[in-house]
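A quick write-up on the structure given underneath.
Note that this is a predicted model, so its numbers are computed, not measured. Here is how names work: the chains are called A, B, and so on, in the same order as the sequence lines, proteins then strands, and each is numbered from 1. Side chains included, hydrogens not; waters and symmetry mates left out as well; all remaining heavy atoms used.
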Amino acid sequence: MGVPFVHNSKGCSRQRRGCQSPGSGFGKRGNRQETGVEISKGRFERQDWHWGDRAHDGSPQNGFPRHTLMTKPTGKQQPPPDDDSSGKIQIPLAELIRTRRKKVVELTGRGVNCYPYRYENTRPVSELLSDFDDLAASETVVRLAGRVMLKRKMGKAAFADVRDAAQRIQIYVKVDNVGKDAFDLFDAVDLGDILGCEGTLFVTRTGERTLKVTSFELLTKSLHPLPDKHSGLTDKETRSRRRYADLIVNPEVRDLFVMRTRIVKAIRDFLNARDFLEVETPILQPLYGGGMAVPFTTYHQRLDRDLYLRIADELYLKRLLVGGLEKVWEYCKDFRNEGIDRLHNPEFSMIELYWAYADYKDMAELFEELLRHIVLETHGSYKIAYGEHEIDFEPRFRWVSMIDSIKDKTGVDFMGLSFEEAKKAAGEYDLEAGKLINRGKVIEAVWEATVEPSLIQPTFIVDFPVEISPLAKKHREREGLTERFELFVAGQEMGNAFSELNDPVDQLERFLQQGKALQAGDKEAQPLDDDFITALSYGMPPSAGLGFGVDRLVMLLTNQHNIRDVLLFPQMKDMKEGSVPVSGILAQIVQDEKESDST
RNA sequence: GGGGGUGUAGCUCAGUGGUAGAGCUCCUGCCUUUUAAGCAGGCUGUCGAUGGUUCGAGCCCAUCCACCCUCACCA
């Protein structure tokens, strides 16, 4: 852990490291005397919180931030009053956590383990609810476990809402049923605590299905208060940074990520059923390639060389075609060192599949079937809503060439036009001149300006200009074009496929062209991959290849419009200033506990 | 990167230059079928950061940071 794996991602693992082994860090913290600082009376200075392991300098770390609490010499400090508030971090959160931690200490003193090891024979709440009538009538004793979301205490009885992975249920705890000691323990239960409960099911006066608790066990004490019980957690930044809190209080978020997993499973099932072999290829690569992108660079010490995080899987999967595997695919995490926005995260998921003896038309058939399968599996219908649109996957997808689609829209036919002629024809559109560096780019730019936004229902755009398709085979009939399609749905690209270029000489020439671009300063151009050319020289069968972004697909199928919302842990910039790490609060509390023990 | 917006208590939000507020959470008390339980009382903040204007700044100005929307580029 001493040397950061990826130079560019500093700070990404800070929080995780801090959580590893809190116990090991407490004794090593400088005390007040040594650091020459003083805990101010009732005030925690946020900016004086220092993370010991922030610098990536390779120095040994103990896995826990070195805490240094200090204050500004404000001159307003007074000797701590002799009540028990001296030295406390008195931001409100700290007080809330302190109160809960006190309960842990007290309960532990009474022999209650606030962090026991297991709770057995539980049933999912969903099952208890679906079998409710029978279970209630037979007074079957059942057990469940979950998190306390709401609590309503009334003297010698109490209700609480407990939620497990999928459902919530009300529990009823009455002193007559559980005994005084247990009822006192229930008094100490906070929102957020995790409980195991045993009892029978009944319906309350007001008609709510409820577990009448006969015994319960505290399974985990929660120290951090939950977000507001009514309005929940709405701040998008906090929801992304603390996805765990988001998942606790926003059931629809949980549903969305369950849906994401179902989508991936549907893809996997579909490809497995067609004998595509799921493989794994290197993420850490001596040379990147297979796409146009800026890579992340990292360094291997023992090899004493730079390595790259992959930007695409293409070149490795094609090597497997050479090796005779014929039908391969990979669920791949790729990394691109580019901007972060509504549609882009530095690490993202793709599916790439390669199919020997097939061409791009076969691949289009397969892709269409795959999407229909996924939509039906996950939605139970072929129609989905996306924003203001209803997308229907049932009819055959339109199939139209890029050049024809422009002709249909504008009347201009780019087929057979030279670069100069094409540029002239494009003159009436407001295009960025710097991009119009060849015929293919001009056609693409015109197409993007005129046709792309209108592609709401699933549409294959096919036969791209050769200049913008360096890995695709030349079209067997149409001069200057390649056998390539991209699928568009709701105005967005949902996949990209070619009849794969397998002539090693042609591929070498295209690499050399890319090499020139790289030298000329195009950071996204692809470097020459000698080993890939070597592989092609052995002979790669005629093949079709397809790649599509999983995150984008999940967005489409879950009606989300920001990639961050379909990623459990999206990349975030460094934390905004002013927030106090919970570990700092806990460290302070534990220090106070130790001091009060020794006095 | 350009343009627009937001940042106040753990959470959700008020607060247009004059002593930082509400609801929820939390604490104390009452309450044995409640349900955003209720009732009574109480604690809680470097108003994102830094600088400026002002007798006085949460509020006005500048810079910076983060997030959201939007435009251009990569999936």
(Q) Once salt bridge (Lys or Arg N to Asp or Glu O under 4.0 Å) is applied, what residue pairs with a partner in residues 342-352 of chain A remain, sequence neighbours excluded? (A) A:Lys333-A:Glu347
**Q.** Between P of B:C67 and CZ of A:Arg564, the distance in whole Å
**A.** 6 Å
Q: Considering only atom C1', compute the distance from B:C61 to B:A72 and round it to an integer number of Å.
A: 31 Å
Q | Pairwise P distance, B:G21 and B:C26 [rounded to whole Å] | A | 23 Å
Q) Between A:Phe159 and A:Lys153, which is nearer to the 5' end of RNA chain B once each is assigned its nearest nucleotide? A) A:Phe159
Q: Considering only atom P, compute the distance from B:C13 to B:G7 and round it to an integer number of Å.
A: 10 Å
(Q) Any base atoms under 4.0 Å from A:Phe202, or only sugar-phosphate, or nothing? Heavy atoms, all strands. (A) base
Q: Write down the distance between CD (A:Glu106) and P (B:C27), rounded to a whole number of angstrom.
A: 11 Å
Q.
I need the residues from residues 169-183 of chain A with at least one non-hydrogen atom less than 4.0 Å from RNA chain B; give them sorted by number, or say none.
A. A:Gln170, A:Tyr172, A:Lys174, A:Val175, A:Asp176
Q. B:U33, B:G10, B:A75: which one has an atom nearest the side-chain heavy atoms of A:Lys212?
A. B:U33
**Q.** Listed partners of A:Arg163 passing salt bridge (charged side-chain N to carboxylate O under 4.0 Å, His left out), at least two apart
**A.** none
Q | Check ion pair A:Arg168-A:Glu208 (N to O, under 4.0 angstrom) | A | yes
Q) Roughly, in whole Å, what's the span from CG in A:Asp187 to P in B:U32? A) 13 Å
Q. With sequence neighbours left out, what residues match A:Asp133 under side chain to side chain contact (heavy atoms under 4.5 Å, CB included)?
A. none
Q | Whole-angstrom distance between B:G15 and B:U8, as gauged at atom P | A | 14 Å
Q | Rounded distance (Å) that lies between atom C1' of B:A75 and atom CD of A:Glu486 | A | 10 Å
**Q.** Listed nucleotide nearest any side-chain atom of A:Ala157, set B:G10, B:U32, B:C27
**A.** B:U32
Q.
Under 4.0 Å, heavy atoms only, any strand: does A:Met292 hit a base, just the sugar-phosphate, or nothing?
A. sugar-phosphate
Q | Span that lies between the C1' atom of B:G58 and that of B:A49, in whole angstrom | A | 14 Å
**Q.** Distance test, side-chain N/O of A:Arg205 to OP1/OP2 of B:U34, below 4.0 Å
**A.** yes
Shorter than 3.5 Å, N or O on both sides, protein versus nucleotides 11-15 of chain B: list them out with atom names.
unit_1 : atom_1 : unit_2   : atom_2 : d
B:C11  : O2'    : A:Asp228 : N      : 3.0
B:C11  : O2'    : A:Gly232 : O      : 2.6
B:C11  : O2     : A:Asp228 : OD2    : 3.3
B:U12  : OP1    : A:Thr234 : N      : 3.0
B:U12  : OP1    : A:Thr234 : OG1    : 3.2
B:U12  : OP1    : A:Asp235 : N      : 3.0
B:U12  : O4'    : A:Ser231 : OG     : 3.2
B:U12  : O3'    : A:Thr234 : OG1    : 3.4

Q: For A:Phe397, check ring pair (Phe, Tyr, Trp, His ring centres under 6.0 Å) against everything at least two apart and list the hits.
A: A:Phe460
(Q) Distance check needed: B:A66 C1' versus A:Asp341 CG, whole Å only. (A) 16 Å
Q.
Give me the distance, rounded to whole Å, that separates B:C31 from B:U12 when you measure between the P atoms they each carry.
A. 35 Å
Q: Verify the stacking flag for A:Phe548 against B:A75: centroid separation must be under 5.5 angstrom and the ring planes must differ by under 30 degrees.
A: no
Q | Separation between the P atoms of B:G2 and B:A36, rounded to whole Å | A | 49 Å
(Q) Checking the side chain of A:Asn250 only, and the main-chain atoms of A:Val253 only, is there a donor and an acceptor separated by less than 3.5 Å? (A) no
Q: Starting from P on B:A36, measure out to CE on A:Met154 and report it in whole angstrom.
A: 13 Å
Q.
Between the base of B:U34 and the side chain of A:Arg152, is there a donor and acceptor pair under 3.5 angstrom?
A. yes
Q. Listed by chain and number, what are the salt bridge (charged side-chain N to carboxylate O under 4.0 Å, His left out) partners of A:Arg101, not counting sequence neighbours?
A. A:Glu593
(Q) For a side chain to side chain donor-acceptor pair (under 3.5 Å) check, start with the C-alpha distance between A:Arg484 and A:Ser469, then their side-chain angles and the critical distance, and finish with the verdict. (A) CA-CA 8 Å; A:Arg484 172 181 179 187; A:Ser469 312; 2.8 Å; yes
Q | For atom NE2 of A:His561 and atom P of B:C71, their distance in whole Å | A | 12 Å
(Q) I'd like to check the side chain to side chain contact (heavy atoms under 4.5 Å, CB included) partners of A:Tyr331; sequence neighbours left out, ordered by chain and number. (A) A:Arg260, A:Val264, A:Arg268, A:Glu278, A:Trp329, A:Ser349, A:Ile351, A:Val550
Q. Can you tell me if A:Arg310 uses its side chain to pair, donor with acceptor, with the backbone of A:Thr281 under 3.5 Å?
A. yes
Q) A:Ser222 and A:Arg147: side-chain donor and acceptor closer than 3.5 Å? A) no
Q. Roughly how many Å is it from CG in A:Leu150 to P in B:U25, rounded to a whole number?
A. 9 Å
(Q) Heavy atoms from C-beta onward define the side chain here; which of B:A75, B:A66, B:C68 lies closest to that of A:Arg552? (A) B:A75
Q.
Categorize A:Asp551 for me: base, sugar-phosphate, or nothing, with a 4.0 angstrom heavy-atom threshold over every strand shown.
A. nothing
(Q) Which residues pass the ring pair (Phe, Tyr, Trp, His ring centres under 6.0 Å) test with A:Phe548, not counting sequence neighbours? (A) A:Phe367
Q. Taking OP1 and OP2 of B:C69, is either one under 4.0 Å from a side-chain nitrogen or oxygen of A:Asn562?
A. yes
Q. Taking only N and O in the side chain of A:Lys103, is any of them less than 4.0 Å away from OP1 or OP2 of B:C27?
A. yes
Q: Identify whether any heavy atom of A:Gly549 sits under 4.0 Å from a base atom; if not, whether one sits that close to sugar-phosphate; answer base, sugar-phosphate or nothing.
A: nothing
Q.
What's A:Asp334 touching, base or sugar-phosphate or nothing? Going by heavy atoms closer than 4.0 Å.
A. nothing
**Q.** Pairwise C1' distance for B:C47 and B:G42, with rounding to whole Å
**A.** 24 Å
Q: Could you name each residue pair satisfying salt bridge (Lys or Arg N to Asp or Glu O under 4.0 Å) that touches residues 169-185 of chain A, not counting sequence neighbours?
A: A:Lys180-A:Asp184
Q | Pairing string, 5' to 3', for RNA chain B - Watson-Crick or wobble contacts under 3.5 Å, brackets [ ] where pairs cross, | to another strand | A | (((((((..((((....[..)))).(((((.......))))).....(((((..]....))))))))))))....
Q: Please name all residues satisfying side-chain hydrogen bond (donor to acceptor under 3.5 Å, both in side chains) with A:Lys153, sequence neighbours left out, ordered by chain then number.
A: A:Asp187
